[in-house]
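Just so it is clear, the values below take in all heavy atoms, side chains as well, and ignore hydrogens, waters and symmetry mates. Just so you know, residue 1 is the first one in the sequence shown, and it goes up from there. In each ligand, atom 1 is the first atom listed, and ligand 1 is the first ligand listed.
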Amino acid sequence: MKLSSHKLALCKMKMLKLLRTSAGQTGIIQFNGVRKLSSIPAPSPKVCIVGGGPAGFYTAQHLLKARPDVQVDIYERLPVPFGLVRFGVAPDHPEVKNVINTFTQTAQHTRCSFHGNVSVGKDVSVEELQRAYHAVVLSYGADGNRRMGVPGEDLAGVYSAKDFVGWYNGLPRNKELKPDLSCDTAVILGQGNVALDVARILLSPLEILKKTDITELALATLAESRVRRVLIMGRRGPLQVACTIKELREMVNLPGTRPEMVHADFNGIAEALKALPRPRKRLTELLVKAAMEVPGEQEQERRRLASRSWAFRFLRSPLEVLPSADLTRAAGLRLAVNRLEGSGDGAWAVTTGEVEDVACGLVISSIGYKSLPIDPSVPFDPSKAIIPNTMGRVQQAAGLYCSGWVKRGPTGVIATTMNDSFDTARTLLQDLESGALDLLTAKTGSQEVAALLEERGVKPVFFSDWEKIDSEEVRRGEARGKPRDKLQDVEEMLLVARTQGPTTL
Ligand code: FAD
């Protein structure tokens with residue numbers, strides 16, 4: 001049957017109308033005056049996710065599970081996936097990294113694809129992604145660092161925990177950090193889990209670290225380390241420490257070390273214990289035990305033989321990093337002595353006017369990560385350092401969503417990030433169902449972005465390419481008796497990713 005061009009146009013219009021009303025579901029169409037039941041395939045929603053960390057993978061996982069037609073593309077700046085699971089989680093916590101298996105299943109899903117080595121905001125803009133996809137989810141984490149804002153902060157020997165963690169975990173950007181560990185005393189500012197990770201890595205026996213995926217470079221530096229004492233400093237008191245009991249227990253039991261707390265810091269704590277909620281009570285009991293209790297004979301002997309020590313110090317805020325005599329590096333910290341006002345978790349520190357100096361050659365500030373704006377087109381709240389959102393919908397930006405640390409700030413473990421990412425996925429799905437997201441405009445997704453990237457000379461690393469990097473790292477690790485030996489150089493990662501067949505670098 002041949003249709004006149006007029007009839008063909010009419011027919012196309014009718015089909016389009018049908019699509020609009022039925023949102024692509026099976027329906028009745030009129031074709032040349034004849035009513036027919038037809039199933040016109042719904043345009044499949046194309047969603048893109050920026051960031052291949054836990055938030056990105058959990059958002060993708062929920063979307064793929066909830067809708068059989070959604071296509072998800074993940075864009076990641078580095079050639080390797082998994083964000084802070086690879087570059088943050090401590091090397092001696094391999095069990096935490098098991099989430100990588102779930103993320104791998106998501107990445108290998110037929111309707112998901114991973115595009116590493118693509119920096120959004122630089123290689124492709126968010127607006128370009130919005131043109132190519134029905135929805136864009138920003139899950140790019142917290143890449144910045146909170147500064148102490150005190151004189152001397154930029155002296156040699158002062159590092160952010162973010163850089164220090166990146167260094168021992170093989171983050172390419174921190175490869176050249178070369179921390180100077182030639183001093184006796186290190187001060188870590190902050191009392192959260194990251195601070196305790198750093199303290200543990202500084203004090204752990206090498207035999208323990210050698211069996212982890214810590215970098216060889218970090219191992220070699222730690223082997224030469226002369227750090228014998230680590231002070232973990234907080235501006236508030238023992239009832240406000242921000243770590244969890246697992247991390248504290250690891251410190252207490254760390255081979256070759258002993259706790260050296262100040263007894264006076266725990267005056268009155270035993271009485272406060274009864275009124276505490278259960279998790280805080282258990283944490284405080286352990287802290288008090290480590291600080292005050294006379295240990296049994298075996299523990300006494302263990303502590304006597306320990307060559308390294310650690311301690312929490314409370315009610316202190318940094319005022320200045322004191323320079324060495326030749327002004328070239330850190331030699332100490334000037335601290336304000338605080339007292340507490342209020343009580344419990346909400347108590348706040350007020351300076352007393354008293355000042356104390358502590359001699360130390362290494363200062364690591366662990367006072368928090370911070371999200372940064374990604375692209376001028378995306379709203380950003382500089383005071384909270386997050387993307388302003390309502391249940392994951394970016395405010396005043398239709399079609400834009402966010403999940404993970406960039407959505408709620410840099411706190412919470414992987415499980416918190418998972419729940420938060422599932423919430424964002426649910427919000428996006430609601431908008432698909434309600435028609436708030438326009439599905440009728442055809443979107444070409446990765447095809448359009450691939451063309452832009454090619455024009456700009458950017459070559460993405462796909463998940464199968466990452467698998468080559470993964471195999472190479474595991475192969476190198478096996479030779480050294482560790483789970484993997486991470487590649488730390490982006491160029492080398494790209495070289496391995498593009499190698500055909502088994503790698504022999
Ligand atoms: P991220 O993990 O940071 O992922 C963001 C991703 O986005 C990264 O891969 C990044 O490269 C990418 N990206 C950034 N900018 C761009 C861009 N412009 N274009 C494309 N991609 C981009 N939780 C636990 O449960 N257990 C632990 O033991 C634990 N240890 C931790 C140790 C440290 C030192 C830290 C900092 C956190 C730890 N956490 C731990 C918390 C956990 O890592 C976070 O909850 C989680 O990683 C946050 O996920 P995210 O996806 O929001 O951010």
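Under the 3.5 Å distance criterion, with hydrogens and angles disregarded, a donor-acceptor pair is assigned to the side chains of Thr244 and Glu247.
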Short N or O separations between ligand 1 and the protein, below 3.5 Å:
from     : atom 1 : to     : atom 2 : distance (Å)
ligand 1 : 2 (O)  : Leu84  : N      : 2.9
ligand 1 : 9 (O)  : Glu76  : OE1    : 2.6
ligand 1 : 9 (O)  : Glu76  : OE2    : 3.3
ligand 1 : 11 (O) : Glu76  : OE2    : 2.6
ligand 1 : 18 (N) : Val120 : O      : 2.9
ligand 1 : 19 (N) : Val120 : N      : 3.0
ligand 1 : 21 (N) : Arg77  : N      : 3.0
ligand 1 : 23 (N) : Ile414 : N      : 3.4
ligand 1 : 25 (O) : Ile414 : N      : 2.9
ligand 1 : 45 (O) : Trp405 : NE1    : 3.3
ligand 1 : 45 (O) : Gly412 : O      : 3.0
ligand 1 : 45 (O) : Val413 : O      : 3.4
ligand 1 : 45 (O) : Thr417 : OG1    : 2.9
ligand 1 : 51 (O) : Pro54  : N      : 3.4
ligand 1 : 51 (O) : Ala55  : N      : 2.9
ligand 1 : 52 (O) : Trp405 : N      : 2.9

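Using a 4.0 Å cut-off between a side-chain N of Lys or Arg and a carboxylate O of Asp or Glu, Glu472 and Arg475 qualify as a salt bridge.
Ring geometry for Phe82 versus Trp466: interplanar angle over 60°, hence perpendicular rather than tilted (30 to 60°).
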Under 3.5 Å donor-acceptor pairs involving side-chain atoms of residues 221-233, not counting sequence neighbours:
from   : atom 1 : to     : atom 2 : distance (Å)
Thr221 : OG1    : Leu217 : O      : 2.9
Ser225 : OG     : Val227 : N      : 3.1
Arg229 : NH1    : Thr185 : OG1    : 3.4

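Every salt bridge (charged side-chain N to carboxylate O under 4.0 Å, His left out) that Asp180 has, sequence neighbours left out, goes to Arg329.
Within the structure, no pair that satisfies the ring pair (Phe, Tyr, Trp, His ring centres under 6.0 Å) test touches residues 186-220, not counting sequence neighbours.
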